[in-house]
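Each remark here refers to the structure printed beneath this line.
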Amino acid sequence: MHPFSFTKAETTREALNAGRRGGRYIAGGTTLVDLMRETVERPEALVDISGLPLDEVSVTERGGLRIGALVTMSEAAAHPKVRTLYPVVSEALELSASAQLRNMATIGGNIMQRTRCTYFRDVTADCNKREPGSGCAALEGFNRTHAILGTSDACVATHPSDAAVAFAALEARVHLLGPDGERQVPFADFLLRPGNTPNREQALRRGELITGVEVPALPRPLRSGYLKVRDRQSYEFALTSAAVALHVRGGVIREAKVAAGGVGTVPWKLPAVERHLVGERLSESLWAAAAERAADGSRPLRHNRFKVELLKRTVERQLRVVGGSK
Ligand code: SF4
């Protein structure tokens, strides 16, 4: 591990000042410390923000839900408001990592976590995300778990977060605080596709701090849920996943929010699937027809062609589970 300085911020102002000087924020540390041990990450200065007052879940004036950046994954998953208003968020969190990690890891850290591409974590391998310009070992290497959507010639790594898939589906907003004040960024704009700069992963300005994630109010009743398909049933990342929320009235789908995980370089919103659903009556034949659009635009690699069909089936199954057919 490379040497680094460590400061504990007592106030938000202290944290922002340290962040502006180039300090890296750390809270649960469940990803960053691992990466530092492997010398994948070599920050000069860490700023511990775990004592800041960003650990509340609250209902907003507009009827949405705001989850503080320092709420742990297990606290958010178990929170009565999250469970009742947005089960898809709660389920995505509960299907993530292990109980021990969920007790430490925070919501802010969860959406900031870095890819599980094995070449990224192997400092002897070429990786444009870790060392810009060095190449991408995954393109010609073993790429079974890599992305089929949103890829570029520079990087094909998936984003690993499950909660981020639920947030993308629900069109959440990320609340940020920086030296220039507060701002909000739509979730779809916060996590960046790799393009030519896979080392740049979030739309963060220097020194900015995530203060929370806001899930907007959606029409009620709202049925929602998360399905994760993986090689083993616990402590494993998604091969494919689907976050689905449906507002159904009078047997007709009035709103549909759908996103996929395990397949995109960022959590992958599925607007073509949503459009196929809205205005339709619930029926057994609807789910497969809508899910047929889930892999539109995909570019499979040598070892992950199976994800195209698996993604469609994952979305179809979760649409059927959430929507039923009555
Ligand atoms: Fe690095 Fe991305 Fe290629 Fe993986 S897929 S080796 S993270 S550039």
Side-chain angles (χ1 to χ4, degrees), residues 1-2 24-26 29-43 96-97 101 105 108-165 168 187-204 228-232 235-241 259-269 295-308 310-311:
M1 197 184 274
H2 284 248
R24 285 283 299 276
Y25 299 126
I26 185 167
T30 52
T31 294
L32 183 55
V33 173
D34 278 357
L35 293 174
M36 288 171 66
R37 284 200 184 110
E38 292 162 7
T39 67
V40 174
E41 293 260 23
R42 284 169 280 183
S96 305
L101 287 167
N110 182 275
I111 61 176
M112 289 288 290
Q113 70 182 290
R114 307 202 69 190
T115 184
R116 297 287 154 169
C117 171
T118 48
Y119 302 106
F120 171 72
R121 286 166 181 257
D122 173 359
V123 292
T124 66
D126 292 339
C127 174
N128 288 321
K129 192 181 277 297
R130 178 170 30 76
E131 287 290 336
S134 64
C136 171
L139 284 174
E140 297 301 323
F142 188 57
N143 44 40
R144 176 177 177 270
T145 59
H146 288 71
I148 58 172
L149 289 157
T151 56
S152 71
D153 291 342
C155 181
V156 292
T158 54
H159 191 275
S161 165
D162 293 294
V165 180
F187 208 84
D189 299 332
F190 181 70
L191 296 174
L192 305 176
R193 298 186 197 187
N196 291 324
T197 53
N199 54 310
R200 190 159 180 263
E201 296 175 336
Q202 301 91 15
L204 278 169
K228 180 173 181 176
V229 177
R230 45 191 166 169
D231 282 328
R232 59 181 183 200
Y235 198 25
E236 184 57 283
F237 293 89
L239 288 171
T240 58
S241 71
V263 288
T265 50
V266 294
W268 204 256
K269 185 80 159 150
D296 283 4
S298 60
R299 291 203 315 170
L301 303 162
R302 185 163 169 221
H303 302 111
N304 68 4
R305 192 163 295 277
F306 72 98
K307 284 193 175 186
V308 173
L310 187 62
L311 170 61

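When a ligand or atom number is given, it counts from 1 through the structure's own listing order.
- Expressed to the nearest 0.5 Å, how far NE2 of His2 lies from OG1 of Thr39 amounts to 5.5 Å.
- The side-chain contact (heavy atoms from CB on, under 4.5 Å) test applied to Ala238 returns Asp162, Lys228, Ser241, not counting sequence neighbours.
- Counting only protein atoms, the N, O or S atoms lying less than 2.8 Å from atom 3 (Fe) of ligand 1 are Cys136 SG, ordered by chain and residue number.
- Asn199 is linked by a side-chain contact (heavy atoms from CB on, under 4.5 Å) to Pro132, Thr197, counting only residues two or more places apart in sequence or in another chain.
- Counting heavy atoms of neighbouring residues, nucleotides and ligands inside a 6.0 Å radius, atom CG of Asp122 exceeds 12 of them.
- Atoms CZ and CZ, from Arg130 and Arg42 in turn, are 8.5 Å apart once rounded to the nearest 0.5 Å.
- In terms of the ring pair (Phe, Tyr, Trp, His ring centres under 6.0 Å) criterion, residue partners of Phe187 (sequence neighbours excluded) are, by chain and number, Phe167.
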